[in-house]
Amino acid sequence: MPAQFDSFGVRFLYPDNWTVADRGEDEGDRGATLDFPGGGFFSLELTGTEAVGPLIDRIVSTIAADYEDLEREDVTLDVVPPGTAVTDLRFYYLDLLIVSRIAVLKRGDGSGTDDVLLVQMQAESRDFDKNEPVFDAILKQIADAG
């Protein structure tokens, strides 16, 4: 039976073998990270539209500082509205290919001052591929709830 995430105005079903990671007090209450078996994670952060570019740049810079040969590719997903910003990052950790997908989901009425939901899904490539249908289902739930 699936578990339900319901916090900071975001609600979706997820596999019951995933766990919600504890957040530090300094991380605020507008985000969450779900860990899943195999060492991957699904992270959400509700933030202002103006913070998206710097947040994505910080994620990319942090990964690039630690791992050589970072590949970045903008992708299109059928489960989110057209024009949704989705970026795939690929890098090697030891001998493992890691895939990190970042999606920016619009929230609210689209007036430009609304918050957006920054979602990051990351796992070793085989675990990412295995969990991709789950990621897509969660993204669809969030996008459909708008």
Side-chain angles (χ1 to χ4, degrees), residues 1-21 23 27-64 66-93 95-146:
M1 177 151 214
Q4 181 171 314
F5 179 88
D6 190 357
S7 187
F8 56 89
V10 178
R11 179 183 301 160
F12 58 86
L13 298 175
Y14 64 92
D16 61 3
N17 65 341
W18 290 20
T19 57
V20 178
R23 281 177 74 90
E27 295 179 288
D29 61 355
R30 292 172 43 109
T33 299
L34 291 88
D35 295 323
F36 53 87
F41 66 85
F42 186 98
S43 177
L44 312 120
E45 192 71 37
L46 191 61
T47 187
T49 304
E50 72 285 348
V52 170
L55 271 173
I56 292 173
D57 290 343
R58 189 171 44 192
I59 291 168
V60 172
S61 295
T62 300
I63 293 172
D66 291 336
Y67 305 99
E68 295 180 16
D69 301 324
L70 175 66
E71 295 179 14
R72 181 177 183 172
E73 174 186 15
D74 293 332
V75 296
T76 302
L77 299 177
D78 294 335
V79 297
V80 294
T84 298
V86 182
T87 301
D88 277 2
L89 305 172
R90 291 180 184 82
F91 57 95
Y92 284 93
Y93 172 70
D95 289 336
L96 303 173
L97 175 62
I98 307 298
V99 178
S100 186
R101 176 168 289 159
I102 302 167
V104 180
L105 301 174
K106 295 179 181 174
R107 310 285 296 164
D109 65 9
S111 65
T113 59
D114 299 315
D115 287 337
V116 295
L117 192 62
L118 183 72
V119 181
Q120 182 179 10
M121 301 142 277
Q122 182 171 304
E124 185 275 325
S125 63
R126 290 172 293 191
D127 285 335
F128 191 95
D129 292 346
K130 182 173 76 172
N131 285 287
E132 192 167 18
V134 177
F135 300 154
D136 287 351
I138 293 172
L139 290 173
K140 182 161 179 42
Q141 290 175 72
I142 295 169
D144 287 352

Could you grab the distance from atom [atom1] of [X] to atom [atom2] of [Y], nearest 0.5 Å is fine?
| X | Y | atom1 | atom2 | answer |
| --- | --- | --- | --- | --- |
| Arg101 | Gln122 | CZ | CD | 12.5 Å |
| Arg11 | Asp6 | CZ | CG | 4.0 Å |
| Asp115 | Leu105 | CG | CG | 12.5 Å |
| Phe36 | Tyr14 | CZ | OH | 13.5 Å |
| Leu46 | Phe8 | CG | CZ | 6.5 Å |
| Asp78 | Leu139 | CG | CG | 12.0 Å |

inquiry  = Which label fits Phe5 and Phe12: parallel for a plane angle under 30°, tilted from 30 to 60°, or perpendicular past 60°?
reply    = parallel
Between [Y] and [X], is there a side-chain heavy-atom distance shorter than 4.5 Å?
| X | Y | value |
| --- | --- | --- |
| Leu44 | Ile142 | yes |
| Arg90 | Glu73 | yes |
| Glu124 | Tyr93 | no |
| Val134 | Phe42 | no |

ask   = Does Leu13 offer a backbone N or O that forms a donor-acceptor pair with the side chain of Gln141 under 3.5 Å?
value = yes
For [X], is the [atom1] atom crowded, meaning more than 12 foreign heavy atoms sit under 6.0 Å from it?
| X | atom1 | answer |
| --- | --- | --- |
| Asp57 | CG | yes |
| Glu68 | CD | no |
| Tyr92 | OH | no |

For a quick test of reading the model, state the closest non-hydrogen atom pair linking [X] to [Y] and the distance between them.
| X | Y | answer |
| --- | --- | --- |
| Thr84 | Val104 | CG2-O, 3.2 Å |
| Ala123 | Gly40 | CB-CA, 4.0 Å |
| Ser43 | Thr33 | OG-OG1, 3.4 Å |
| Val116 | Lys106 | CG1-CA, 4.2 Å |
| Asp16 | Met1 | OD2-O, 2.8 Å |
| Ala103 | Met121 | CB-CE, 4.5 Å |

request  = Quick one: do Ile59 and Leu118 satisfy side-chain contact (heavy atoms from CB on, under 4.5 Å)? Show the steps, please.
outcome  = CA-CA 11 Å; Ile59 291 168; Leu118 183 72; 4.1 Å; yes
